[in-house]
Trainee: 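One structure is given below, represented as structure tokens, and several questions about it will come after.
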Amino acid sequence: IQAIAPGGIKFTTYIPAGLHAGQVFTVRVPTNISSGAELKDAATNSVFLSLVPTLSLGNDKYIKDVQTCSERCCDMDGVCGSWARYTTGKKELKYRQPCVMCSCCCDWEALLDGKRVGSIQPAGCCDNPISACLCPACFCGDLFALKFMDSSGTFKFSTRRNVKCCQYCCLCCSLCATPCARMYRYCCTDDIFAVYEHQLFNADLNDQTSVAKINYTTRMKHPCLGDELLNVSVEPASNNLSHEDLALLSLATFMISEGQSFEYCLATRGVMAALDTPMGIDSIDEAAYIHGEWQNRAEALKKMQSMF
């Protein structure tokens, strides 16, 4: 490809083989030449490609670590449970679930440098209004979907679903219109990217103040296939969230990015049933407090490049 570096320096380079969605590569070019000059293959050997999944927590960038043979065979988390570890080399963020066979009873928890910061679990009937359990067909209002518990087991953050009257009638209309809208986006416009915001709340069902939001960027590969997740992040609504709070909320990003993978699907099935992710259908997304907009290639790539 041909590109222009800051300062108007033109250069030619190769796209690395094996580049996948959400991965970027950096090209270094000399800057001590005049603006508008053209370099031929000057940057070919200066390509940096990151193939390892990374996670940013505040100013720290964590790289996903691999499990050793002894950890898989001798560690109880590896034998009975499931876990993932991200490390900076000095700090460690670990997600673990103690028993895969009892995934509906054992919660996923987050540990920051060996210290437990909290866990995530689906909301039960006792967490929501009694009327929603006794007569769900007639209930209108908010319901808890996922609960984030702090290190002491106190309910701290949540995702919610909003139930409205005649909601399912609107859903039928949306389901019929969505295939046509996707075909139009893919064939007639350049809006194949979508950016979503998923609101996170505290443990008070009457408090509508958002404490944070999950940001998604997705890309349509084909109108008949599911969208491709490019990146996901948690953005606090204020500076009131601590480093431990962000580590706890990062459990949601782990579930979104890794929860359906072959390695973790059995251990995460209890949480994934309650985890709402963008469907691209307005009535479903809005009921889960997910709001999105379409973007063209230029808009989406500019926003993603600003993250790296």
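Computation of the quantities below employed the complete heavy-atom set of this structure, encompassing side-chain atoms and omitting hydrogens, waters and symmetry-equivalent molecules.
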Trainee: Please name the pair of heavy atoms, one in His222 and one in Tyr186, separated by the smallest distance, quoted to 0.1 Å.
Mentor: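 So the two residues come closest at CA-CE1, 4.0 Å.
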Trainee: Answer whether the closest heavy-atom distance between the side chains of Val232 and Ile214 falls below 4.5 Å.
Mentor: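 They are in contact (side-chain heavy atoms under 4.5 Å apart), so the answer is yes.
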Trainee: Measure the spacing between CG of Leu251 and CD1 of Ile120 and express it to the nearest 0.5 Å.
Mentor: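 Nearest 0.5 Å value for the CG-CD1 distance: 5.5 Å.
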Trainee: Within a radius of less than 6.0 Å around CE of Met279, do more than 12 heavy atoms belonging to other residues, nucleotides or ligands occur?
Mentor: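 No - once you tally the heavy atoms of other residues, nucleotides and ligands closer than 6.0 Å, there are 12 at most.
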Trainee: Might you point out which heavy atoms bring Pro278 and Ile290 nearest each other, and give the distance in Å?
Mentor: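 Pro278 and Ile290 have their closest heavy atoms at N-CD1, 3.9 Å.
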Trainee: For side-chain contact (heavy atoms from CB on, under 4.5 Å), just list the numbers for Phe193 and Glu299, CA-CA rounded to whole Å, side-chain angles, deciding distance to a tenth of an Å, and then say yes or no.
Mentor: CA-CA 9 Å; Phe193 290 85; Glu299 294 171 339; over 6 Å; no
Trainee: Could you state the interatomic distance from CG (Asn231) to CD1 (Ile256), rounded to the nearest 0.5 Å?
Mentor: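 Output value for this atom pair is 11.0 Å.
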Trainee: For Phe139 and Cys133, run side-chain contact (heavy atoms from CB on, under 4.5 Å): C-alpha distance rounded to whole Å, both residues' side-chain angles, the deciding distance at 0.1 Å, then the answer.
Mentor: CA-CA 9 Å; Phe139 178 81; Cys133 296; over 6 Å; no
Trainee: I'd like to know if Arg182 pairs up with Asp227 as an ion pair, taking the criterion as any Lys NZ or Arg NE/NH1/NH2 lying under 4.0 Å from an Asp or Glu carboxylate oxygen.
Mentor: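 Yes, charged N to carboxylate O under 4.0 Å.
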Trainee: Specify the closest pair of heavy atoms between Pro236 and Leu241, including all atoms of both residues, with the distance to one decimal.
Mentor: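 So the two residues come closest at CB-CD1, 3.6 Å.
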Trainee: OG1/Thr88 to CG/Leu93 distance, rounded to the nearest 0.5 angstrom?
Mentor: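 So the OG1 of Thr88 and the CG of Leu93 are separated by 10.0 Å.
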Trainee: I would like to know whether Gln208 and Arg160 meet side-chain contact (heavy atoms from CB on, under 4.5 Å); could you show each step before the answer?
Mentor: CA-CA 10 Å; Gln208 296 293 323; Arg160 299 181 185 176; 3.8 Å; yes
Trainee: Would you compute the distance between atom NZ of Lys147 and atom CD of Gln121 and round it to the nearest 0.5 angstrom?
Mentor: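 It is 4.5 Å, given to the nearest 0.5 Å.
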Trainee: Atom CD of residue position Gln260 - does it have more than 12 heavy atoms of other residues, nucleotides or ligands inside 6.0 Å?
Mentor: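 Counting neighbours around CD of Gln260, 12 or fewer heavy atoms of other residues, nucleotides or ligands fall under 6.0 Å, so no.
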Trainee: For residues Ala132 and Leu143, report the shortest heavy-atom separation together with the two atoms involved.
Mentor: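 Heavy atoms of Ala132 and Leu143 come nearest at CB-CD2, 3.5 Å.
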Trainee: Quick check on the hydrophobic clustering: are Leu248 and Phe201 connected, directly or via other members, by side-chain heavy-atom contacts under 4.5 Å?
Mentor: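 Cluster IDs for Leu248 and Phe201 differ.
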Trainee: To check you understand the geometry: which heavy-atom pair defines the closest contact between Ala267 and Trp108, and what is its length?
Mentor: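 That would be O-NE1, 2.9 Å.
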Trainee: Do Ser250 and Tyr95 meet the criterion of a side-chain donor-acceptor pair at a distance under 3.5 Å?
Mentor: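 Yes.
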Trainee: If you round to the nearest 0.5 Å, how far is CD of Glu92 from CZ of Arg85?
Mentor: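 Arg85 atom CZ to Glu92 atom CD measures 5.5 Å (nearest 0.5 Å).
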Trainee: Assigning hydrophobic clusters by single linkage (Ile, Leu, Val, Met, Phe, Trp, Tyr; side-chain heavy-atom cutoff under 4.5 Å), is Phe144 placed with Leu146?
Mentor: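 No; tracing contacts between hydrophobic side chains, which count when under 4.5 Å, never links both residues.
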Trainee: Gln199: what forms a side-chain hydrogen bond (donor to acceptor under 3.5 Å, both in side chains) with it, not counting sequence neighbours?
Mentor: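 Gln199 satisfies side-chain hydrogen bond (donor to acceptor under 3.5 Å, both in side chains) with Ser210 once adjacent residues are dropped.
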Trainee: Roughly how far apart are Arg161 CZ and Glu286 CD, rounded to 0.5 Å?
Mentor: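 Answer for the CZ-CD pair, Arg161 versus Glu286, is 16.0 Å.
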Trainee: Given the rule that I, L, V, M, F, W and Y join up when any side-chain heavy atoms are under 4.5 Å apart, are Leu200 and Met149 in one cluster?
Mentor: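 No, separate clusters.
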Trainee: Say whether, by atom type as modelled, one donor and one acceptor occur between the side chain of Asp150 and the main chain of Gly118 under 3.5 angstrom.
Mentor: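 Here the side-chain-to-backbone pair does not exist.
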Trainee: So, do Asp245 and Lys156 sit near enough that their side-chain heavy atoms are less than 4.5 Å apart?
Mentor: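 Heavy-atom side-chain distance check passes, below 4.5 Å.
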Trainee: Is there a chain of hydrophobic side chains (I, L, V, M, F, W, Y, each step under 4.5 Å between heavy atoms) that links Val195 to Leu230?
Mentor: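 No; Leu230 is not reachable from Val195 via cluster members.
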Trainee: Kindly determine whether Tyr289 and Asp142 satisfy side chain to side chain donor-acceptor pair (under 3.5 Å), including the steps that lead there.
Mentor: CA-CA 10 Å; Tyr289 289 97; Asp142 283 357; 2.8 Å; yes
Trainee: Would you kindly confirm whether Met272 and Phe148 end up in one hydrophobic cluster when ILVMFWY residues are joined by side chain heavy atoms under 4.5 Å apart?
Mentor: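 Result: yes, single cluster for both.
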Trainee: Which heavy atom of Trp294 sits nearest a heavy atom of Asp191, and at what distance?
Mentor: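 Looking at all heavy atoms of both residues, the shortest contact is CB-CB, 3.9 Å.
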Trainee: Would you please test Glu258 and Thr268 for side-chain contact (heavy atoms from CB on, under 4.5 Å) and show each step?
Mentor: CA-CA 9 Å; Glu258 301 281 357; Thr268 60; over 6 Å; no
